[in-house]
Amino acid sequence: MSTQDPNEYRPSAIEEKWQAIWAERGTNTFTDEELRGAENPFYNLMMFPYPSAEGLHVGNIYAFTGADIFGRYQRLQGKTVFEPIGFDAFGIHSENFALKMGTHPMELIPRNIANFTRQLKRVGLMYDWNHTVDTTDPRYYRWTQWVFLQLYRAGRAEKREAPVNWCPSCHTVLANEQVIAGACERCGSMVEQRILSQWFFKITDYAKRLLENLSWIDWSETTKKAQENWIGRSDGAEVHFPLARRKVADDRHESAQVHAQKPVIPVFTTRPDTIFGATFMVLAPEHPLVDTLTAPGQKAAVEEYRRGVAAMDLVSRKIDKEKTGVFTGGYAVNPATGEDIPVWIADYVLMEYGTGAIMAVPGHDERDFEFATKFGLPIPRVIAASLDDADAPLIAAEAGDGVLVHSGQFTGLPWAEGKQAITKWLSERGLGEARVNYRLHDWCISRQRYWGPPIPIIYCEKCGTVPVPEEQLPVVLPFVADYKPDESGISPLARVEEWYRVACPTCGGEARRETDVSDTFLDSAWYFLRYPSANDQAAPFDPQITAKWLPVNSYIGGEEHAVLHLLYSRFITMVLHDLGHLAFEEPYLRFRKHGLIIKEGSKMSKSRGNVVVPDDYIAQWGADAFRTYLMFLGPYQEGGDFRDQGLVGPFGFLKRLWDTVLPVEELGTEAPGAELERKLHATIRKVGEDVAGLSYNTAVAAMMEYLNAVREGGRGANRSEIEPLVVLVAPFAPHLAEELWSRLGHAHGIFEGANWPQYDPARTTQDTVEFVVQVNGRVRARLPMPRGIPQGEAQAAALADDNVKRFVDGAAVRKVVFVPDRLINLVVG
RNA sequence: GCGAAAGUGGCGGAACUGGUAGACGCGCGGGACUUAGGAUCCCGUGGGUACGCCCGUGGGGGUUCGAGUCCCCCCUUUCGCACCA
């Protein structure tokens, strides 16, 4: 029971020992010179964390360990692996937490980062601590501001008005996620809309490219699908509905005329084939033509409706609810039928999608059907299963396919052809054209908050909007003791006069800084470019280093960032590429999502009290066992269930491996037996393939199986049998592997060289196979047979088996199915 | 509603192109060593059984010599998106 026994497995001791050695030798860190000259570079990226006050979550460790294993495996294959980490520490999350705690974020964040760093180091991740990034450091956000300026210069950033959620009680702007059922998540007051002037990045200009590149980038399919849906391509037509000459409701008898010079209402539709059924139009309440269209008698009602909509928060407006709306009193002309149709406004039409106006086809659109039913508008049928059904009554919207009916010269055309033909017809008459529309919106990057990088813009009375000259960056976020938002609805920076009052960079006159800060997603949209050049004070990223290391070889992260972070960083990369700053336009060659872990069958959360605190487990079992268990508990790309009991399995495995190798002097020197050697080669192959494909759980299982075989019946191991296993386990349990490797007499560290064992494919298979004999598809015998046995011999051997004989029972064999080296199936009777 | 994925022992989970269902681990049972063990090691472990076999991968059909795997219908769960025209 001596605790000083050098052959006892004491994880904490060896883990701390090797962490110190790695730091001292610089095993995982690079100088900038080394980065420039690296051979076989492999950039292994994982999503940097937001350094919360609670410390590292087990979910973070799960994500990082899986990525780290991949990096360590690449390294054991001889690659030079750059594996950086950083801190995504700006944003509303940090700010709200700081407000709650009453501690200033400038004080809180460095503390959290220090704690995270300590925890990350304890896990044994292969990070280059010489190349870290902290988004709140002016040396970093100086270049975030530089990125903004590049977009501004390229005309990809523009300022325009947009609504935001506003909590009248907290005096603050809320993100959509902070609005719960129309109320502020913090105080419960009803949220309102405010219209503010904000900065947008025109990501919609890139919608087509962002969508098309998805066809060739090597990403998790589900992630690509999420982006595809988010970008949301719709093929249809833009159609122009001229305003009717008469605008008043009771002026019904005047015939409609189509005059090209008249103002028109453009609409986007995916179903131009149903245009003959458009019996009314609906505009978003904010639509600019509403005032023109509104008849005097309807003015009061329209105004009231618009006020009601404006008071609503941005989230509840979009939830499906009973249709509401108001008639404007105005009419437009259906360009297909030539008839006047009434124009309504309703909040189910959104200004931000399409043109902010729709042609309503109640017969063939559910929402329009509901609206028409409620307000007594006509619901004609223009699509039917066949011409015979042209007058079948519509009891619900029929959004499916069919043939056109009651559609003038297009009647009888199948739906898809009608779509083409009508679009062509409208376009020949100058009333519309084919159009592709995207669901994707421009990226609003303005935040009326404190904790972010100030947007580098100056407003001058004479010169207008002036970008801060690049040499004047960074625009440093000032220390503001009271950074709480107030009722003005503008950033707390707008209260710091000595900060925002500046001389105009162009004319030197009085000017004012932009007081909004930028979105956290901008910080993370380019961080991977910064890592290799993290120490470069002269440029955001060094051209030579960037050419060598980018794009990223492997990126592993959570699916929750499938659409925002991953899309924004692709967009920023494309813009920087187009501006000549980067040679590539896609940032991540390969992206794989990891799954989420739950605890004992349910989601981990503070309210459930089932949050796994990693430090406790690591203290008890060691980082190696913790890492190995996390990778073992389920398929990495799908996630799994963390059970306290489960940890003892992988711990026991590591301990048995340790006990098998030590003491080294007692290891046998013989060659492995034939069967064990076969298993060794098969295991090397399986673990290599599984790790490369992120199937970590089965890789660990294969190693356990092999160790069990080595130790079967309590036998001791030969060195040649066990030494390769030390290398296979190294990505999972790097400390233990280093220690055993060194005790096995190697002068250099296990990760300093291409130490991954080779296998001989010829030796992965057995000479004897267990051959399955079926009769009529049911297993009746399992017979050992030599590999490569021909069908005739196998059949003879099968028929000689007593049990097989019983089932064949003298009957004629009608058919024989033979699968070489696996199975023979005798069909009788 | 739309989109995606998944339902396998007491539990977490394996199973490549259809070809021995349940690898590996937990738990449980037995044994060894021990004064003792909840430590360690070894062995066993889907259910039933007249010990020949039979039944078993959410439910119901189908294709096939053979289906967890393929096809059709249904049920359940999880995760995205959601009045997107």
Side-chain angles (χ1 to χ4, degrees), chain A residues 1 221-226 228-230 232 234 236 267-271 274 282 284 317-323 346-350 352-361 365-368 370-371 399 437-441 559-560 562-563 595-596 598 600-601 603 629 632-635 638-653 655-656 659 689 695 697-708 711-714 769-782 802-803 806-807 814-828:
Chain A
M1 268 304 285
E221 280 307 313
T222 53
T223 312
K224 290 210 272 190
K225 192 79 196 163
E228 189 187 316
N229 292 341
W230 186 262
S234 295
V267 303
F268 173 73
T269 176
T270 55
R271 296 295 303 271
T274 63
V282 186
R317 157 135 182 208
K318 291 189 193 170
I319 55 170
D320 207 349
K321 55 181 191 297
E322 201 190 332
K323 296 282 175 288
D347 67 355
Y348 80 93
V349 174
L350 308 171
E352 69 220 39
Y353 184 78
T355 61
I358 61 161
M359 65 176 207
V361 184
D365 180 282
E366 256 176 65
R367 297 151 300 178
D368 298 344
E370 198 191 320
F371 193 84
N437 201 55
Y438 296 94
R439 201 192 78 96
L440 183 67
H441 300 326
E559 182 86 324
E560 69 273 18
V563 291
L596 298 176
I598 55 174
E600 318 272 341
K603 204 169 163 178
Y629 175 57
F632 180 66
L633 56 71
E638 276 143 57
D641 194 355
F642 188 100
R643 294 174 173 261
D644 290 348
Q645 287 276 12
L647 239 164
V648 307
F651 176 82
F653 162 65
K655 185 181 175 332
R656 280 191 290 279
D659 290 341
E689 287 172 357
S695 301
N697 56 334
T698 51
V700 174
M703 291 189 281
M704 289 173 165
E705 206 177 331
Y706 177 68
L707 183 63
N708 291 344
R711 293 167 58 94
E712 194 173 18
V769 292
E770 196 183 26
F771 209 88
V772 171
V773 181
Q774 294 182 338
V775 178
N776 288 340
R778 317 212 52 153
V779 179
R780 298 305 175 189
R782 290 160 199 200
D802 283 346
N803 201 41
R806 256 175 17 89
F807 283 90
R814 280 198 297 124
K815 182 176 173 183
V816 178
V817 180
F818 180 74
V819 182
D821 292 335
R822 302 201 76 141
L823 162 149
I824 191 163
N825 184 13
L826 307 171
V827 185
V828 299

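The structure presented is a predicted model; accordingly, all values stated were derived computationally and were not measured. Residue numbers begin at 1 in each chain, while the letters A, B, ... track the order of the sequences.
Base pairing of B:G1 is made with B:C81, judged by Watson-Crick or G-U wobble geometry with both donor-acceptor distances under 3.5 Å. Base pairing analysis places B:G27 opposite B:U45; the two distances defining the Watson-Crick or G-U wobble pair are each below 3.5 Å. With a cut-off of 3.5 Å on both Watson-Crick or G-U wobble distances, the partner of B:G66 is given as none. Remark: B:G7 base-pairs with B:C75; criterion is Watson-Crick or G-U wobble with both hydrogen-bond distances under 3.5 Å.
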Tell me which donor-acceptor pairs under 3.5 Å the side chains of residues 700-708 of chain A have, and how far apart each pair is, sequence neighbours excluded?
{"from": "A:E705", "atom 1": "OE2", "to": "A:K679", "atom 2": "NZ", "distance (Å)": "3.4"}
{"from": "A:Y706", "atom 1": "OH", "to": "A:E721", "atom 2": "O", "distance (Å)": "2.7"}
{"from": "A:N708", "atom 1": "ND2", "to": "A:M704", "atom 2": "O", "distance (Å)": "3.4"}

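For the P atoms, the distance linking B:A21 with B:G38 amounts to 37 Å, nearest Å. The P atoms of B:C26 and B:U45 are separated by 16 Å, rounded to the nearest whole Å. Taking atom C1' in both B:G56 and B:G47, the straight-line distance is 8 Å, to the nearest Å. One C1' atom belongs to B:G68, the other to B:G58, and the distance between them is 12 Å to the nearest Å. B:A15 and B:U63 have their C1' atoms separated by 22 Å, with the value rounded to a whole Å. Distance check on atom C1': B:A23 versus B:C74 gives 32 Å, rounded to whole Å. Comparing the P positions of B:C70 and B:C51 gives an interatomic distance of 39 Å, to the nearest angstrom. Nucleotides B:C65 and B:A82 place their P atoms 49 Å apart, quoted to the nearest Å.
Taking atom CZ on A:F651 and atom P on B:A39, their separation rounds to 12 Å, with Å as the unit. Atom-to-atom, CZ of A:R814 to P of B:U64 comes out at 13 Å; the value is rounded to the nearest Å. Atom CZ in A:F653 sits roughly 18 Å away from atom P in B:A23 (whole-Å rounding). Regarding A:D821, its CG atom lies at a distance of 14 Å from the C1' atom of B:U20, rounded to whole Å. When the P atom of B:A5 is taken as reference, atom NZ of A:K224 falls 14 Å away, rounded to whole Å. Residue A:R822 contributes atom CZ, which lies 14 Å from atom P of B:A15 at whole-angstrom precision. As rounded to whole Å, 13 Å separates atom P of B:A14 from atom CG of A:D641.
Classification of the A:Y348-A:F371 ring pair by plane angle, with boundaries at 30° and 60°, yields tilted.
For A:K225 and B:G3, the shortest distance from a side-chain N or O to OP1 or OP2 is not below 4.0 Å. Phosphate contact (OP1/OP2 of B:A14, side-chain N/O of A:N697, threshold under 4.0 Å): present.
Using a 4.0 Å heavy-atom cutoff across all strands shown, A:L633 reaches sugar-phosphate atoms only and no base atom. Using a 4.0 Å heavy-atom criterion, one finds that A:N825 contacts the bases of the nucleic acid, with or without backbone contacts as well. Residue contacts for A:R643: at a heavy-atom cut-off of 4.0 Å it reaches the sugar-phosphate backbone alone, with no base atom in range. Residue contacts shown for A:T355 are absent, as no nucleic acid heavy atom lies under 4.0 Å away.
Applying the 90° criterion around 0 to the glycosidic angle, B:G9 comes out syn.
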Extract from the structure each pairing of a protein N or O with an N or O of nucleotides 25-32 of chain B at less than 3.5 Å, listing the distance.
{"from": "B:G25", "atom 1": "OP1", "to": "A:N708", "atom 2": "ND2", "distance (Å)": "3.0"}
{"from": "B:G27", "atom 1": "OP1", "to": "A:Q645", "atom 2": "OE1", "distance (Å)": "3.2"}

What pairs of nitrogen or oxygen atoms, one from the protein and one from nucleotides 76-81 of chain B, lie under 3.5 Å apart?
none

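Among all heavy-atom pairs drawn from A:M359 and A:V267, the shortest one is N-CG1, 3.8 Å. Heavy-atom minimum distance, A:N229 versus A:R439: O-NE, 3.6 Å. Shown here for A:R822 and A:F771, the closest heavy-atom pair between the two residues is N-CE1, 3.6 Å. A pairwise comparison of heavy atoms in A:D641 and A:E600 identifies OD1-N, 2.7 Å as the closest pair. Of all the heavy atoms in A:V349 and A:V282, the pair that sits closest is CG2-CG1, 3.5 Å. Scanning both residues, A:T223 and A:E559, for their nearest heavy atoms gives OG1-OE1, 2.7 Å.
With hydrogens and angles ignored, the 3.5 Å screen pairs a side-chain donor or acceptor of A:Y629 with a backbone N or O of A:R643. Formation of a donor-acceptor pair under 3.5 Å by the A:N437 side chain with backbone atoms of A:S234 is not found in this model.
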Query raised in the report: What do the steps show when you test A:T355 against A:Y353 for side-chain contact (heavy atoms from CB on, under 4.5 Å), and what is the final call?
Result: CA-CA 6 Å; A:T355 61; A:Y353 184 78; over 6 Å; no
Query raised in the report: side-chain contact (heavy atoms from CB on, under 4.5 Å) between A:R271 and A:V361: does it pass, once the steps are laid out?
Result: CA-CA 9 Å; A:R271 296 295 303 271; A:V361 184; over 6 Å; no
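Nearest to the side chain of A:R782, among B:A85, B:U20, B:C83, sits B:U20. For A:E770, the listed nucleotide lying nearest its side chain is B:U20; candidates were B:A15, B:U20, B:G12.
Taking 3.5 Å as the limit, the base of B:G1 and the side chain of A:E366 contain no donor-acceptor pair of atoms between them.
Residues passing the salt bridge (charged side-chain N to carboxylate O under 4.0 Å, His left out) test with A:E770, sequence neighbours excluded: none. With sequence neighbours excluded, no residue satisfies salt bridge (charged side-chain N to carboxylate O under 4.0 Å, His left out) with A:E689.
The 5' end of RNA chain B is approached more closely, in terms of each residue's nearest nucleotide, by A:Q774 than by the other of A:Q774 and A:D659.
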Requested in this report: Indicate for each nucleotide in nucleotides 53-58 of chain B, in 5' to 3' sequence, whether protein heavy atoms under 4.0 Å reach the base (B), only the sugar-phosphate (S), or nothing (-).
Outcome: SSS---
